[in-house]
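In what follows, chains carry the letters A, B, and so on, assigned in the order in which the sequence lines appear, proteins first and then strands, with residues in each chain numbered from 1. Any value given below was found using the heavy atoms of this structure, including those in side chains, with hydrogens, waters and symmetry copies removed.
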There are 2 protein chains.
Amino acid sequence: MNRGRPPVSIKDVARHANVSIGTVSNVLNRPEMVSEDRRRRVTQVIEELGYVRNDVARQLKAGQSLTVGLVVQDSANPFYNEIALGAEAAAEKLGQAVILGNAGLSPAREGLYLDLFQEQRVRGVLITPQSADRARIDTLRSRGIPVILVDEHASSSLYCSLAVDDIEGGRLAVEHLLSTGRRRIAFVGGPDSLHQVRDRRTGARRAVQGVPGASLEDFASEALTVLEGRRIGEQIADLPQDRRPDAVFAANDLVAIGLLQAFAFHRRIRVPEDIALIGYDDIDFATSAIVPLSSIRQPARLIGRTAVELLEDESTDPEHRHRHVSFQPELVVRDSTAAP
Amino acid sequence: MNRGRPPVSIKDVARHANVSIGTVSNVLNRPEMVSEDRRRRVTQVIEELGYVRNDVARQLKAGQSLTVGLVVQDSANPFYNEIALGAEAAAEKLGQAVILGNAGLSPAREGLYLDLFQEQRVRGVLITPQSADRARIDTLRSRGIPVILVDEHASSSLYCSLAVDDIEGGRLAVEHLLSTGRRRIAFVGGPDSLHQVRDRRTGARRAVQGVPGASLEDFASEALTVLEGRRIGEQIADLPQDRRPDAVFAANDLVAIGLLQAFAFHRRIRVPEDIALIGYDDIDFATSAIVPLSSIRQPARLIGRTAVELLEDESTDPEHRHRHVSFQPELVVRDSTAAP
DNA sequence: TACCGTGGATGAAACGATTCAATAAATAGG
DNA sequence: CCTATTTATTGAATCGTTTCATCCACGGTA
C-alpha cells in the first residue's frame, strides 16, 4: 500500500542515478544519444524505482495527445461496437488509444462528451452524429480539433467523413423483397432527424416506384431500438389482415428483432410466410434471431479503421485535404425473407 | 480553420481582460471570491475568445484525474456493455468520465490497457480480470492506483471487489433443468482460467449430486463466444443419439446462442424438445434468440454502478476499508427449457 | 602548444493550469 | 487621523515532462 505516497518522477530517477533530468529523458526518448554506461545505470534505476512516465505532463508539453475520442449514438447497438473495434485496432497500430463516449441516443450526452474530449485535448474526435445540428461540432472544429464524421456524409467541406450509401442500401433491401413477390411493403424507422432513416427510406421509395402494384407504407418509430421495434410490431400485428403489409423493411436490425419478437408473440403472424422481414447492419445477432434475419451488411470494422486513418492523416499531413469516403452496402439473405 | 494556431490559454484571457492569471483561475474555480465587474469582464472575454480549460494542465497540477479506466474482457459481449453503462452513469453523477479498454479476450491487450491507464494517471481502474495472474494488477496497486476487481472476488484484501455468486448461479441453472425432468446434463464452457467457468461448473456439479440418475458431462470451449458455442454445438449434434445429453447448461448466453445455431442448422435437434438449453447473463438478445433462451440474470448495471462508487470511496475516504460486495443471480425461464 | 570539432551531459525554459503568500485597497473602529 | 481588519488582486512557485542552447572534456590537426 502506498496510498498518498507521491509517485516516482523523472527527478527521482535522475537523483538516484546521479545524472541530470535531461539525460533520463533522453534515455527514454532517444537512447542512442546517451552513452552506454549511463543508459544502463538509468534503465536499472527506472526498474528499481518502478518509474512510469507521466503521460499527463508529457502531453502538456507536447500540446498533442495520443488519444482519440469516439462518440457513438448508442453503445448497446453492436454495429457501433464493431466500429469501435475497428477504430481501436487501427489506433493501436499507431500507438494511440481510443476512448469511447456513449451518447445513449441523447443529444445532450453527445454534447457532454464533446466538451469532455475538448477539455482533454484529444488528438481528434470521431463522431456518429445524431442530428443535423452542426453547431457544437463546428465549434470543436474552429478550436482546432479535427473532427471526422462517421457514418454520415459531410455536406460542408470542413470535415472528413465516411459513410455507407444508405440510399443504395434501402434500394437493395426493398428490391429484394419485391423480387420474392412481396408488394405491400412497410418501412419501420425513426426519428427522421437521423439521416440513416431518411436515406434508407428514400432508397426504399425508389425501389418501389415503377413496380406495378407495389406500395410503401411508413411506420415511424421514436428510436432504433428493440423496444421500439416491438411496439410497432404490436401495432402491425393488430391491423386487420387485409390492411397488413406482406413485407417489412426495418431501418436497423435492432428494430427488426423487436418486430420479430412481437410477431412471434402474436403467433398469428409467421415470418416469412405471412410477413417477410429484412433489417439493416447485419449485426452478429441477426443470424441467431428467432428467424435468421436477412439484412444489409455494412463494413463496420473497416469504417472504424478508416476513420482513425483519416484522422491521422488530417493531424499529421499539412497537405491534408478533407475526403469523403463512401462504402457500398451488401445484401445478406437469410430465412426471414424466403419466398412464401 | 485554425490549424496550427495555438489554442487560447488562460494567459490570453488574462491579458485581454487586463487581469492577472490568478484572477481568471478564480473566476473559473471560486467565482464568489472575485468582484462583480471583473467576473463579468473575464467571463465575457472567455466567451469571445472561446477559451476551453486545458484539462491536461489541470490534472498535472492536481496530480489526480477525473477519469476512470475500465478494462473489460470482451466488449462484444453485451453483458460487459451493460456493466459499462452502469459505470458511466455513476461516473457522470460524480463529474467523472469512464474510458473503456477492450481486452478482446487477450491477456496481452489487458496488460496494454493497464499500462496505458497507468501512464494516463487515471483515478482508478475497474477490471474484469481474465486470468488468475495478479502480478500486473498488484503492480498497479503498489504504485498507488486503486483497483477494483469487477465480477470476481478478491482473495487478498488488497482490493475492493464485487461479484455475483456464480456457484449459486450454476446451481440454479442445473436445478431448474433437473426440475423439468432432464437428467443427462452437459456443461459447455471454458477456458478454465476463467473463474466464472469454474464456479458455474462447480454449482452445476453440486446440483447434480445426490439426484439419482443425474449426470454432468463437460464440454470445454476455448472462449465464451458465439463461434465456440457453434463449434461445440456441432460436436454435440454429431453424437449418436443415445450418448447425447438431454439438457445443456452454457457458461454464458453467447455460447448458448452458438449452440442454438448449431442445433437449428442440424434440424434434427429441436430445442427444447430434444435438448433443453439454458445460458448465463440474460443479455437482451437472449429474449430474441431462435428459441427464447432461459438464462441466469446478473445485475450488470448495478455492478458497474457499484464499482464506480467503491472506487470513489477508496480514493476519497482516508478511512476506506476494502469491501467485497456480493450479488445474487436470478433464474429467468423462457421457452428453451420448457418441459418436454 | 594552440585551436577546433565533437559527442555527451547539463540546466533552464516552457507547456497551462492551481494555489498561496504577499500586497494593495477599502472599510471599520477608536 | 491613524491603526486594525477585511477583501480583492497579484505574482511566483509548482506539477513532470521535453527541448534546446550551453558547456565540457577529449582527441586530432596544424
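- At a threshold of 4.0 angstrom between heavy atoms, the contacts of A:Val19 are confined to the sugar-phosphate backbone, with no base atom among them.
- Considering only the side chain of B:Ser20, D:dG11 comes nearest among C:dA17, D:dT18, D:dG11.
- Residues from residues 22-31 of chain B with heavy atoms under 4.0 angstrom of DNA chain D, sorted by number: B:Thr23.
- Each end of the helix from C:dT1-D:dA30 to C:dG30-D:dC1 gets its own axis, taken as the rotation carrying the C1' atoms of four end pairs onto the next four within a five-pair window, and the two axes meet at 70° to the nearest 10 degrees.
- C:dC15 atom P lies 18 Å from atom CG of A:Asn54, rounded to whole Å.
- Remark: side-chain polar atoms of B:Arg323 are not paired, donor with acceptor, to backbone N or O of B:Cys160 under 3.5 angstrom.
- The shortest distance between the side-chain N/O atoms of A:Arg53 and the OP1/OP2 oxygens of D:dT18 is below 4.0 Å.
- By the 4.5 Å heavy-atom criterion applied to side chains, A:Gln196 and A:Val164 are not counted as neighbours.
- Rounding to the nearest 0.5 angstrom, the gap separating the CZ atom in A:Phe117 from the CG atom in B:Asp55 is 12.0 Å.
- Within the 4.5 Å cutoff, side-chain heavy atoms of B:His322 are placed close to those of B:Glu314.
- Looking at residues 36-49 of chain B, you'll see B:Arg38 sit with a heavy atom under 4.0 Å from some atom of DNA chain D.
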Next on the checklist: side chain to side chain contact (heavy atoms under 4.5 Å, CB included), that's the test. Do B:Tyr80 and B:Val150 meet it? Break it down for me.
Outcome noted: CA-CA 10 Å; B:Tyr80 292 112; B:Val150 179; over 6 Å; no

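- The closest side-chain heavy-atom distance from B:Val308 to B:Leu94 is below 4.5 Å.
- In this model, the phosphate group of C:dC15 is not approached by any side-chain N or O of B:Ser9 to a distance below 4.0 Å at OP1 or OP2.
- Following rounding to the nearest Å, B:Asp55 (CG) and C:dC15 (P) show an atom-to-atom distance of 19 Å.
- Whole-Å rounding puts the A:Asn18 CG to C:dG8 C1' distance at 16 Å.
- The side chain of A:Lys11 places an N or O atom within less than 4.0 Å of a non-bridging phosphate oxygen (OP1 or OP2) of D:dC15.
- Contact annotation: the side chain of A:Leu85 approaches that of A:Glu88 to within less than 4.5 Å [non-hydrogen atoms, C-beta and beyond].
- Atom pair B:Met33:CE and C:dT18:P shows a separation of 16 Å (rounding to whole Å applied).
- Taking 4.5 Å as the limit, some side-chain heavy atom of A:Val125 sits within range of a side-chain heavy atom of A:Val122.
- Of the listed nucleotides (D:dG16, C:dA9, C:dT18), C:dT18 has the atom at the smallest distance from the side chain of B:Ile10.
- A straight line from CZ of A:Arg121 to C1' of C:dG16 spans 9 Å, rounded to a whole angstrom.
- Note on A:Val56: nothing from the nucleic acid sits closer than 4.0 angstrom, heavy atoms only.
- With B:Leu162 as reference, B:Val325 is the one residue of B:Leu126, B:Leu302, B:Leu149, B:Val325 to meet the side-chain contact (heavy atoms from CB on, under 4.5 Å) rule.
- Residue A:His16 qualifies as open at atom NE2: its count of foreign heavy atoms under 6.0 Å is 12 or below.
- The side chain of A:Ile21 lies closest to D:dT18, out of C:dA9, C:dT18, D:dT18.
- For the residue pair A:Gln59/A:Arg121, the side-chain donor-acceptor check at 3.5 Å is not satisfied.
- The interatomic distance linking B:Glu32 (CD) with D:dA8 (P) rounds to 10 Å, in whole Å.
- Each of C:dT18, C:dA9, D:dT17 was ranked by its minimum atom distance to the side chain of B:Arg58; first place goes to C:dT18.
- For the pair B:Lys61 and D:dG16, the criterion of a side-chain N or O lying under 4.0 Å from OP1 or OP2 is not met.
- Screening A:Val98, A:Ile99, A:Leu100 for a side-chain contact (heavy atoms from CB on, under 4.5 Å) with B:Ile99, the sole residue that qualifies is A:Ile99.
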